[in-house]
Novice: 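Please read through the structure below; I'll follow up with questions.
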There are 6 protein chains.
Amino acid sequence: MSDPFFHPVSGFDLPRFAGVPTFMRLPHLTSDHPRFKDVQIGLVGVPWDSGTTNRPGPRHGPRQLRDASTMIRAQHAANGMRPFEAANCADLGDVGPNPADIPDSMARITAFYTQLRQAGIRPLTAGGDHLTSLPVLRALAKDGPLGMVHFDSHTDLFHSYFGGTMYTHGTPFRRAVEEGLLDPKRVIQIGIRGTMYDSEDRDFAAANGIRIVPIEEFFARGVAEVMEEARATVGSAPCYVSYDIDFVDPTFAPGTGTPEVGGPNSYQALQVCRELEGLDIVGADLVEVSPPFDQSGGTAFLGVSIMFELLCAMLAK
Amino acid sequence: MSDPFFHPVSGFDLPRFAGVPTFMRLPHLTSDHPRFKDVQIGLVGVPWDSGTTNRPGPRHGPRQLRDASTMIRAQHAANGMRPFEAANCADLGDVGPNPADIPDSMARITAFYTQLRQAGIRPLTAGGDHLTSLPVLRALAKDGPLGMVHFDSHTDLFHSYFGGTMYTHGTPFRRAVEEGLLDPKRVIQIGIRGTMYDSEDRDFAAANGIRIVPIEEFFARGVAEVMEEARATVGSAPCYVSYDIDFVDPTFAPGTGTPEVGGPNSYQALQVCRELEGLDIVGADLVEVSPPFDQSGGTAFLGVSIMFELLCAMLAK
Amino acid sequence: MSDPFFHPVSGFDLPRFAGVPTFMRLPHLTSDHPRFKDVQIGLVGVPWDSGTTNRPGPRHGPRQLRDASTMIRAQHAANGMRPFEAANCADLGDVGPNPADIPDSMARITAFYTQLRQAGIRPLTAGGDHLTSLPVLRALAKDGPLGMVHFDSHTDLFHSYFGGTMYTHGTPFRRAVEEGLLDPKRVIQIGIRGTMYDSEDRDFAAANGIRIVPIEEFFARGVAEVMEEARATVGSAPCYVSYDIDFVDPTFAPGTGTPEVGGPNSYQALQVCRELEGLDIVGADLVEVSPPFDQSGGTAFLGVSIMFELLCAMLAK
Amino acid sequence: MSDPFFHPVSGFDLPRFAGVPTFMRLPHLTSDHPRFKDVQIGLVGVPWDSGTTNRPGPRHGPRQLRDASTMIRAQHAANGMRPFEAANCADLGDVGPNPADIPDSMARITAFYTQLRQAGIRPLTAGGDHLTSLPVLRALAKDGPLGMVHFDSHTDLFHSYFGGTMYTHGTPFRRAVEEGLLDPKRVIQIGIRGTMYDSEDRDFAAANGIRIVPIEEFFARGVAEVMEEARATVGSAPCYVSYDIDFVDPTFAPGTGTPEVGGPNSYQALQVCRELEGLDIVGADLVEVSPPFDQSGGTAFLGVSIMFELLCAMLAK
Amino acid sequence: MSDPFFHPVSGFDLPRFAGVPTFMRLPHLTSDHPRFKDVQIGLVGVPWDSGTTNRPGPRHGPRQLRDASTMIRAQHAANGMRPFEAANCADLGDVGPNPADIPDSMARITAFYTQLRQAGIRPLTAGGDHLTSLPVLRALAKDGPLGMVHFDSHTDLFHSYFGGTMYTHGTPFRRAVEEGLLDPKRVIQIGIRGTMYDSEDRDFAAANGIRIVPIEEFFARGVAEVMEEARATVGSAPCYVSYDIDFVDPTFAPGTGTPEVGGPNSYQALQVCRELEGLDIVGADLVEVSPPFDQSGGTAFLGVSIMFELLCAMLAK
Amino acid sequence: MSDPFFHPVSGFDLPRFAGVPTFMRLPHLTSDHPRFKDVQIGLVGVPWDSGTTNRPGPRHGPRQLRDASTMIRAQHAANGMRPFEAANCADLGDVGPNPADIPDSMARITAFYTQLRQAGIRPLTAGGDHLTSLPVLRALAKDGPLGMVHFDSHTDLFHSYFGGTMYTHGTPFRRAVEEGLLDPKRVIQIGIRGTMYDSEDRDFAAANGIRIVPIEEFFARGVAEVMEEARATVGSAPCYVSYDIDFVDPTFAPGTGTPEVGGPNSYQALQVCRELEGLDIVGADLVEVSPPFDQSGGTAFLGVSIMFELLCAMLAK
């Protein structure tokens, strides 16, 4: 059981529109806080989108996700889990990026997450564009390559863009495999779709043993069967979960930079998380929420609902 | 057959964007009108949201629903019913609330609906937040407790909010059961989901015999099977139908105050109404449409499409 | 293989938000261009909505569709087709309409498409309201009546509006049958739904042998089975494909003038096109995209995704 | 003093968001109503925009203006006038147009206003695009040409568009002068600005004695001086007031089809109406409010504030 | 000079879109924090709108204002003041209201502000609707009635609404005068405009010596002269400043519930605050910012710019 | 007189919503086009915002500006100039940036503009964030430092951000002075306002002789007097004009990343350009239009109206 210090205030007591918005109304701690050492799960924002090759905006994601997250209550409806009582959870604030310098920003992120790893805090990240996952993995994969369940409409396995630029939101997992942060044979990418430049990314996947589940297969086989394969692919060793909001159909999640039509609905968006139970998740992220393209906040509300599911999955082992 | 006085003008004659917008282009009557006594189904707006604990706005619902309703035509596509010919329908205007006084507003609403009941007019209500249903039920349940089919993502069965406040949009059906307006054993709540405060509401339901169909069960069993159970639960005695627009997934109905992701789509939103045929419906409502959170009007158009289905269901016995 | 002159620039080289937006980044040619004679598939805009009886806006469709179309890449994800390499495709610009004169506009459109037919260019049109299809068919059906696969929520088979007006977006296919441009026995209309004025249009369909697949049947039988019937209905003779964006549920495609709730989702919206393979398609259109009712551009992005599918279908025979 | 039958309900009694929205909460009468003969000022909607050469939408103007108009209260703040007590005012509904037939629509409008003129009712019109003014003037100028105060950023004095089309929203006053409905020497056009096609319209004005006040002169001389000249130009004979919402800077009134930046602010938008006092106004209109381009409703609220000022001016003689 | 503990982080170090959003990036303290006793100016949110008679939404004001406030930097451009160095400023969080109980909410607010007064903290409040000012004044006016500079388009001096409801956002200053919280002879209301119900509020003002400056007088005399009179009216004794965002023209501040066109622009909105220098301000508020009616956030950014000016004015004596 | 090849089509012939949108409907040429050598004024887009320290989006500016620019007609209303007849103007397309590499993008921009300078084409640029001006100046200032008239709310004279990053949209003119591209004594910055980090930028200006006109001085002295000083400051030697859209009040131009309230209105936004007549302008830009923050397009339409004024100013010497 968690310490009451870490329990969010209820909407029965303080209306959900009130108060300074932290993630899920958790206490906001920085590393110099006396209770920092007691945190088990840290919710972290990475307001950064310099790796974006198309429409920008995820730098504004963490703030809108915090705002929407005050709508989240304490208990999971389907399985009854109460995650804030199951572990000490806290909002650890944002990693301050340098919007005009990609290497500097990556170094800052890796340093921040290294500190968490050393403190024994498992991170649940709100991005940020998908390049965010790379510096996070550099901090988390210190004990060997990780497996990964990856929800997305894109593989993010490209070699480079614009004549040789190696670090963009379309390349993080190519780099992560090259750097030995991921074990490609324990990586599964689910929901891939959309018009393609060419087959370069899929050739890389095939050559390295990464499993790709295209959307047609996802719909044909169904959530339960695909996720059973996902668990089998990743196995019992430590793994990471990376959830790009553009996995979901853009009608349900318009606030993102590179939408691809014809994706899962919001119910399936939650269901896939519920099927992660049993994995050894060392960290997870929800990335590519871009508020300027959905000022209604609907994408962010779906995003924090997914984050709540990921949090429960991290605690369900 | 209805009197031509009560027939809406066709969009073939007057374009649908033209004219003062009444519900479904029906004549607008007040109780002092000579034809009031001939009305069989009264469409009524209750522009009131003082019971809202979260995001306000349903006070603007009736106006936007009237605007959208001029898109509705005369005939049901699937079953061929022409409801405006089947009964004398009219727009009876809005109940004037007192936005700064909840008890006063509830008294005004009950008085208005008592007048309808006494005139033999069955009401189809456009809310308003869900507290609206309570003063309406106080007027309609004069001859004994009613059954109810309730579409919603929330049970609205809580005891109180904010340290003891008994009348909010999260408590109407707890009050209605306590006041003997509803027979809990003839009440079914369909679509329940979303993160939970705790289990207090479901404990109340279990203790009183209210049937809750969570969204997971709804999707697993399908519309036809769930609605068959709904009809069996309610039986042939008089019943009420209460439809909270947040039953529908918020992507299809963003204009509402307390959305919960992962709900039914717009086709299912209509289908459940078509499966009400045969019930003895003494009144129905569509509540929690909040225009400020969907200025596109899409929620309202779905809302009036549901109202048209409810109207047909009220006439299909 | 197509000529490299006709290949779009890749988003790997020029970011997708850059450049003057032509359809799918294809070269923009007018009929006086030296390469005009080499074009095989012409993408054409018809920015015209004077036939609209309800909410206007499709005159702005082609521009927003061009803008969104720069998100389209070169290769189909599911079948690997690379249409811009399979044929010489080009953006042939817009037909200039006369917004205040319907007959004049129809004459201009027919003249433009006659020129294309004479040059051996198959057109893929971005409307425009649905009246657009009539003057296009007048140009294309010179060698006898065509079959047609028609995706829509409305039949567009009405006789007239407003006391005898014969040319509106609700009448084009009635006129086309009367004028011998369509062979009604080879016409199938899929997705029909929404409240109805009366049964006049369906009576006309029944009397002439037009096959209507209501949305209830569409969902009950599924895409594969319905489309198998569609191919059988149309047969191997030349046909036209007309895709009204309001075929899709308005949550997925809000930017249209006469939405009807309860329609297909975005995945189904694409799937139906993939099942057109093998037909002899002499032309296709995507109509009724109305940007003022969806400034987010989501409808347009779905629209161009559909146009990409139609393009592949036109090349898949 | 007016009859209490014609007094709007106060927002102190019925909240302003409640009730079926008629213009300024006035009673809605049609010509067959027993009190029709007692009406002195008739507020009329003309939901029509078929004359629009650019961005459409004013067909939706009357409805949004009615909605916004329930914010209007009973008394003028600056001069204390209470217009609804000064005369019997009523909402006379909309003229039903034929969106697909310009001559038919013009005939319907002229017929409607002829009926008003014959009943001694002075009209205050909510358009509709600016072509609306022409068929209205045809009904009102039965006793000889009228003077006119015209607020606009365009002269609307062009000969024709698109190769000879004579009836568009850019030509009504050219036609009105040609038809003898306006006395050009008693016409003043205020606020003219924006890039120009050429000088054809201004040459026509100069040749016929129409006074044009460009925006530069308007700002340099100020409201009081310009309006003094306007009153002198029009004189004491009967006149019409035509107010195109695009007279106002588009930041204050974005909901219009052909905006021109650099115009008057909202205070000046009202002030010019207050300076009409003393004119013999036989009718007035507020046109070109296009809701699809301002879903916030700000333009409509400014529009009805202008209509309230025009109403007071009509009663201030 | 203030303690560096209370200095906001600079946008040069942490990008302005990063971090948990507190008011102006100040430290967030609750009353149990060890540094609470050192606070001199407390920024407080009151997310409450139950007194709203028209369009709701100000309950969401504090959150959006906090979000926008991270755009505020450290130094005043015109006078060079650095307020966060001039005094210890802090974000003291929100007063938790009871949205469904007006008396309970007022008691909570008065209790919160009483605690601040007792701790010697001067409050700068972000509302909330204008009823907020009444319970705040109840806490602050313990040593005798206060003077007040009041910027608004409405007097908020009405007796009651809806048949006798005494506590709404249209009545706070009538109550405050009656309760002896304000000295009416030291109260000035600036910017009053808009259509009026009647003259009841102005009669009350006249009878009690409250000075009303209508907008026409404001524009005719100019900011400097009007504000000189304001300072003379209020004098050197303690006073309160209440700023309703609807003082500003709704084009500049659309996010409010009861807009009135024809008001000051954004430059004048700031200038009036700069002319408060020298007054003995015991507290100030900025109320009626309603985010649902301006999701762009422009109103909130203007609002926090005004709050920054009010903060400087509170420190400029 | 210009060649008719370079004349835009008129809105009298082709409706303004029709056609592939190039800047002001000019012909779109690339450097390999046979008429490239005849171009005198080149309109160029730079869709790039990697230097943005705050809210991103100007990478989408050129496309939205092109779209809005089809509303521009051929003749200046106030002075009668017809710029497209006065010189051969063309849309030269966009410079393709590398969104993830600032130095690479700057090199691409400088190379593109060097080509224009060598061809004798004067550029009128649509940005892009304000860092765009630096690589443009590197190409244009080959013959010695330029003077500059700079409209902005910020000086953009900072040394660095985020611990030493030298190239952001807040530093271009510091760099330009350091690199000898600008003669600081011939530079004037007009409209400066907003809260300040500190005085570092103004100290740099003072030390180098750059003239800053704060907004308070701008309003106090008026457009004519300030611009007279601007012309005197810059003198008759070659100069550049840089116009940041955030010079204008954000109510008139919300679509920008770092708005500052209290700025000029849209009329003043145009007037300042008209007062540039007589300067020897070697190039001009309009930057920081950020479409995601104003999807209405109002900012872009104001932006292209400013570009039209700048074009006339470039031709008015």
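In what follows, chains carry the letters A, B, and so on, assigned in the order in which the sequence lines appear, proteins first and then strands, with residues in each chain numbered from 1.
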Novice: Tell me, out of E:Ser160, E:Gly163, E:Gly194, who's got the most heavy-atom pairs with chain D below 4.5 Å.
Specialist: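 Ranked by contacts with chain D, first place is E:Gly194.
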Novice: Can you tell me which portion of D:Thr251 sits under 4.5 Å from chain E's heavy atoms? Options are side chain, backbone, both or neither.
Specialist: both
Novice: Let's go through D:Asp246 and D:Thr256 carefully: what are the C-alpha distance in whole Å and the side-chain angles of both, what is the deciding distance for side chain to side chain donor-acceptor pair (under 3.5 Å) to 0.1 Å, and is it a yes or a no?
Specialist: CA-CA 6 Å; D:Asp246 71 26; D:Thr256 197; 4.5 Å; no
Novice: Heavy-atom cut-off 4.5 Å, strictly under: side chain, backbone, both or neither for D:Phe12 against chain E?
Specialist: both
Novice: So, for D:Ile188 and D:Ala230, which heavy atoms are closest and what is the spacing to 0.1 Å?
Specialist: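 Shortest heavy-atom contact: CD1-CA, 3.8 Å.
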Novice: Find the one option among D:Arg73, D:Arg16, D:His76 whose heavy-atom pairs under 4.5 Å with chain E are most numerous.
Specialist: D:Arg73
Novice: To check you understand the geometry: which heavy-atom pair defines the closest contact between D:Arg66 and D:Pro21, and what is its length?
Specialist: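 Heavy atoms only, the tightest pair is CD-O, 3.4 Å.
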Novice: Could you look at D:Asn265 and say if it's the side chain, the backbone, both or neither that has a heavy atom under 4.5 Å from chain E?
Specialist: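 No part of D:Asn265 comes within 4.5 Å of chain E.
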Novice: Salt bridge between D:Arg193 and D:Glu216, side-chain N to carboxylate O under 4.0 Å?
Specialist: no
Novice: Using non-hydrogen atoms only, which part of E:Thr168 is less than 4.5 Å away from chain D: side chain, backbone, both, or neither?
Specialist: neither
Novice: Keeping D:Gln40 on the side-chain end and D:Asn88 on the backbone end, is there a donor-acceptor pair under 3.5 Å?
Specialist: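 Looks like yes, one N/O pair under 3.5 Å.
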Novice: Show your reasoning for whether side chain to side chain contact (heavy atoms under 4.5 Å, CB included) applies to E:Thr195 and D:Gln75.
Specialist: CA-CA 6 Å; E:Thr195 55; D:Gln75 183 171 318; over 6 Å; no
Novice: May I have the step-by-step check of ring-ring contact (aromatic ring centres under 6.0 Å, His included) for D:His150 and D:Phe247, ending in yes or no?
Specialist: CA-CA 9 Å; D:His150 175 200; D:Phe247 167 71; 9.4 Å; no
Novice: So which part of E:Tyr197 gets closer than 4.5 Å to some heavy atom of chain D, the side chain, the backbone, both or neither?
Specialist: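 Contact with chain D involves both backbone and side-chain atoms of E:Tyr197.
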Novice: Non-hydrogen atoms of chain D under 4.5 Å away: do they reach the side chain of E:Asp198, the backbone, both or neither?
Specialist: both
Novice: Can you say whether E:Gln295 sits under 4.5 Å from chain D via the side chain, the backbone, both, or neither, judging by heavy atoms?
Specialist: neither
Novice: Answer with side chain, backbone, both or neither: which region of E:Pro259 has an atom nearer than 4.5 Å to a non-hydrogen atom of chain D?
Specialist: both
Novice: Once you measure the plane-to-plane angle for D:Phe151 and D:Tyr243, does it fall in the parallel (<30°), tilted (30-60°) or perpendicular (>60°) bin?
Specialist: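 Rings of D:Phe151 and D:Tyr243: tilted, 30 to 60°.
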Novice: Under a 4.5 Å heavy-atom cutoff, which of D:Gln271, D:Met71, D:Gln268 has the most pairs with chain E?
Specialist: D:Met71
Novice: Measure D:Leu270 against the heavy atoms of chain E and call it side chain, backbone, both or neither at under 4.5 Å.
Specialist: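 Answer is side chain: those atoms of D:Leu270 sit under 4.5 Å from chain E.
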